[in-house]
Engineer: 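Can you keep this structure in mind? I'll have questions shortly.
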Amino acid sequence: MDARSPQRSQQDSGVKASRRGADHIAPDCAGQNFYAIDRGLRDLLPLYLSADVFSRLAPHFGRLGQLAGGRLDELARIAERHPPVLNPRDRFGRDEDWIDYHSSYREMERIAFGDLQFHAMSHRGGTLGMDRPLPAVAKYALQYLFVQAEFGLMCPISVTDTSIHLIRKFASRELKEYLLPKMLSGDPAVQWKGTQFMTERAGGSDVGMIETMAKFENGAWRLYGDKWFCSHADADVALLLARPEGAPLGTKGLALFAMPRRLEDGSRNAYRIVRLKDKLGTRSMASGEILLEGAFAWLVGKADQGLKQMMEQVNLSRLSHGVRAASMMRRCVNEAMVVARSRQAFGRTIIDYPLLRRQLMKITLPTEQALSMFLFAASAMDRANAGDADAESMLRILTPLLKFRACRDNIPVATGAMEVRGGNGYIEEWVNARLVRDAHLGVLWEGTSNINALDIISRAVGKSRAHLPLAAVLARLLDEASAIPSPFRDGLRLTLDRAMHLAERVAAEGCLEDQARKAASALYHVTSAVLMTWEASRPGTDARRALYARLVLEHRLGAQDPLALEEPASGREVVELLLSERDVSLAEVTELLN
Ligand SMILES: Cc1cc2nc3c(=O)[nH]c(=O)nc-3n(C[C@H](O)[C@H](O)[C@H](O)COP(=O)(O)OP(=O)(O)OC[C@H]3O[C@@H](n4cnc5c(N)ncnc54)[C@H](O)[C@@H]3O)c2cc1C
């Protein structure tokens with residue numbers, strides 16, 4: 001007879017049952033260090049950063065990796081469930097609008113703006129123990145780690161960073177002196193965060209349609225209009241485009257303004273957040289609609305250069321969006337791998353099934369491509385900042401390439417990772433549902449896929465000829481990758497020439513505009529394949545990156561006959577090697593490239 005009380009034994013069996021239940025449910029990545037488990041990132045950072053900077057920042061990558069898999073992830077989960085709330089008036093009926101955020105969001109802000117100081121790290125020394133600004137590669141690698149936990153807050157972080165860039169570059173000395181000490185501060189009591197309001201009802205892609213008017217009244221600029229999409233709606237200073245009275249229609253008549261939320265005497269500026277958007281994703285972050293009722297603003301730079309100046313911010317944001325997509329894809333891959341290696345079905349762990357392994361490849365390949373692409377783009381930015389004109393041209397084309405393709409790829413990757421988790425992936429307790437929602441924003445803000453593809457082909461290729469220095473650098477990297485068999489590199493070289501030729505033809509013949517996305521995708525894929533080949537050839541890097549290059553050539557750039565069986569032999573070996581957790585030698589890899 002069981003000496004224990006019936007109640008106790010019932011409890012015990014309940015515990016056993018629930019444990020049994022937990023055994024069956026595949027875990028997630030909670031508690032993992034997102035830097036430690038990211039072989040690709042750990043291998044590539046020493047290639048794209050100087051040894052000195054890498055060794056000084058490595059502990060911070062590790063620390064943020066730990067945070068992203070731990071506390072930040074918990075906070076992000078809670079913040080999403082408690083979205084910001086707009087209070088349009090105070091209790092006296094005054095239009096003192098303000099937004100309430102959940103404490104979890106505030107804690108994430110303290111980590112991002114106070115501890116890490118993302119917004120300031122590429123503008124001044126003194127962040128993360130560095131005596132000088134961080135290189136772009138380091139900043140974007142840190143963004144990549146952060147966003148694996150929290151996507152929403154990266155908008156305010158990035159747009160503050162990019163607003164500082166515009167103010168530093170274009171504002172008058174007086175305006176810089178007024179704004180920069182606040183914007184660059186790491187002290188929340190002093191700090192001013194930035195944002196960018198461009199889109200109006202009449203025009204998002206077509207910014208020339210902007211209707212906001214700027215009137216010069218009593219010695220100051222006043223703004224009148226209605227901004228339709230305003231993320232980080234309650235930022236302390238917004239950069240926006242408006243048309244000074246009498247300026248021409250279209251983009252030529254747009255000027256850039258900086259609009260403070262509070263005036264010097266502390267009173268509210270004459271604009272109101274009328275409504276917050278009820279969004280599919282980025283739910284932790286407030287995007288609103290803003291009514292400008294004669295708001296005071298400073299003119300930034302030259303009145304007829306507004307859009308040109310603003311495009312610097314747009315391009316910086318586009319790069320960050322590409323990084324964010326790369327990051328969310330990495331989270332998807334990590335989640336999918338954990339599930340694949342633990343979930344049982346039909347008596348086997350699901351990673352053993354060939355069809356599932358193929359699905360894993362489909363989500364891993366674009367993730368690895370985006371990783372190489374963003375690190376390469378960021379290193380071009382570092383070289384451009386040091387005065388390298390060719391790197392500046394390359395950055396011109398790499399930025400929209402990354403934004404266009406990585407953001408687009410993020411959507412099927414997020415859906416694919418959800419599917420690997422099965423039904424649980426659709427349930428809000430797991431991160432997949434959020435990843436699916438957030439993935440869709442990348443193809444909308446800072447230019448839709450069409451707008452970015454047109455920018456790549458018509459402007460970066462057609463007007464700026466930016467593909468030429470890119471092609472030259474990629475050819476050089478192929479030469480340097482001499483450890484990789486020549487036939488494989490020759491095939492890549494040929495594909496590179498063809499992709500460049502395709503882009504030139506589409507750019508040259510206006511009637512081919514409908515093929516801009518195809519041509520842009522080809523440029524992205526071939527660039528990533530060359531990069532991964534070169535990376536694989538570097539000592540100390542996972543040689544398997546060359547196998548990803550092979551998959552890109554075959555599946556993204558090669559002709560596929562949907563009615564033909566694929567040659568399975570070497571394809572299976574490639575997948576086998578890519579999914580194996582052991583170290584793989586360059587010799588093993590090169591055998592599969594021949
Ligand atoms: C959550 C969220 C937050 C946002 N935050 C901000 C913000 O903080 N600040 C800000 O300024 N904006 C913001 N935006 C706005 C965003 O940048 C715009 O929605 C985007 O640029 C698209 O503009 P639109 O919505 O007017 O679409 P449209 O320009 O009307 O586009 C509709 C469709 O037409 C296509 N299209 C347009 N022109 C062409 C063409 N020439 N050739 C082929 N196809 C074309 C587009 O690709 C798209 O598919 C935000 C948007 C969202 C969803």
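Computed over heavy atoms, backbone and side chain alike; hydrogens, waters and symmetry mates excluded. Order of listing sets the numbers, starting from 1, for every ligand and every atom in it.
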Engineer: Tell me which pairs pass side-chain hydrogen bond (donor to acceptor under 3.5 Å, both in side chains) where either residue lies in residues 234-245, with sequence neighbours left out.
Structural biologist: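 Sorted result for residues 234-245: Tyr101-Asp234.
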Engineer: With a 6.0 Å cut-off on the ring centroids, do Phe118 and Phe146 count as close?
Structural biologist: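 Between Phe118 and Phe146, the centre distance is under 6.0 Å.
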Engineer: Can you pull every nitrogen or oxygen pair between ligand 1 and the protein closer than 3.5 angstrom?
Structural biologist:
from: ligand 1; atom 1: 5 (N); to: Ser231; atom 2: OG; distance (Å): 2.8
from: ligand 1; atom 1: 8 (O); to: Gln196; atom 2: O; distance (Å): 3.4
from: ligand 1; atom 1: 8 (O); to: Ser231; atom 2: N; distance (Å): 2.8
from: ligand 1; atom 1: 9 (N); to: Gln196; atom 2: O; distance (Å): 3.0
from: ligand 1; atom 1: 9 (N); to: Phe229; atom 2: O; distance (Å): 3.1
from: ligand 1; atom 1: 11 (O); to: Met198; atom 2: N; distance (Å): 2.7
from: ligand 1; atom 1: 11 (O); to: Thr199; atom 2: N; distance (Å): 2.8
from: ligand 1; atom 1: 11 (O); to: Thr199; atom 2: OG1; distance (Å): 3.1
from: ligand 1; atom 1: 12 (N); to: Thr199; atom 2: OG1; distance (Å): 2.6
from: ligand 1; atom 1: 23 (O); to: Ser205; atom 2: N; distance (Å): 3.4
from: ligand 1; atom 1: 26 (O); to: Gly204; atom 2: N; distance (Å): 3.1
from: ligand 1; atom 1: 29 (O); to: Ser205; atom 2: N; distance (Å): 3.0
from: ligand 1; atom 1: 29 (O); to: Ser205; atom 2: OG; distance (Å): 2.5
from: ligand 1; atom 1: 44 (N); to: Asn450; atom 2: ND2; distance (Å): 3.0
from: ligand 1; atom 1: 47 (O); to: Thr448; atom 2: OG1; distance (Å): 2.6

Engineer: Using a 4.5 Å cut-off on heavy atoms from C-beta on, say whether the side chain of Arg405 contacts that of His525.
Structural biologist: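 The answer is yes, as the side chains (C-beta and beyond) meet within the 4.5 Å cut-off.
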Engineer: Does the His232 side chain pair with the main chain of Gly194, one donor and one acceptor, at a distance under 3.5 Å?
Structural biologist: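 Yes: the side chain of His232 pairs with the backbone of Gly194.
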Engineer: Applying the ring pair (Phe, Tyr, Trp, His ring centres under 6.0 Å) test to Trp298, which of Phe257, Tyr178, Trp221 qualifies?
Structural biologist: Tyr178
Engineer: Inspect the contact between Asp97 and Arg261 and indicate whether a charged nitrogen and a carboxylate oxygen are less than 4.0 angstrom apart.
Structural biologist: yes
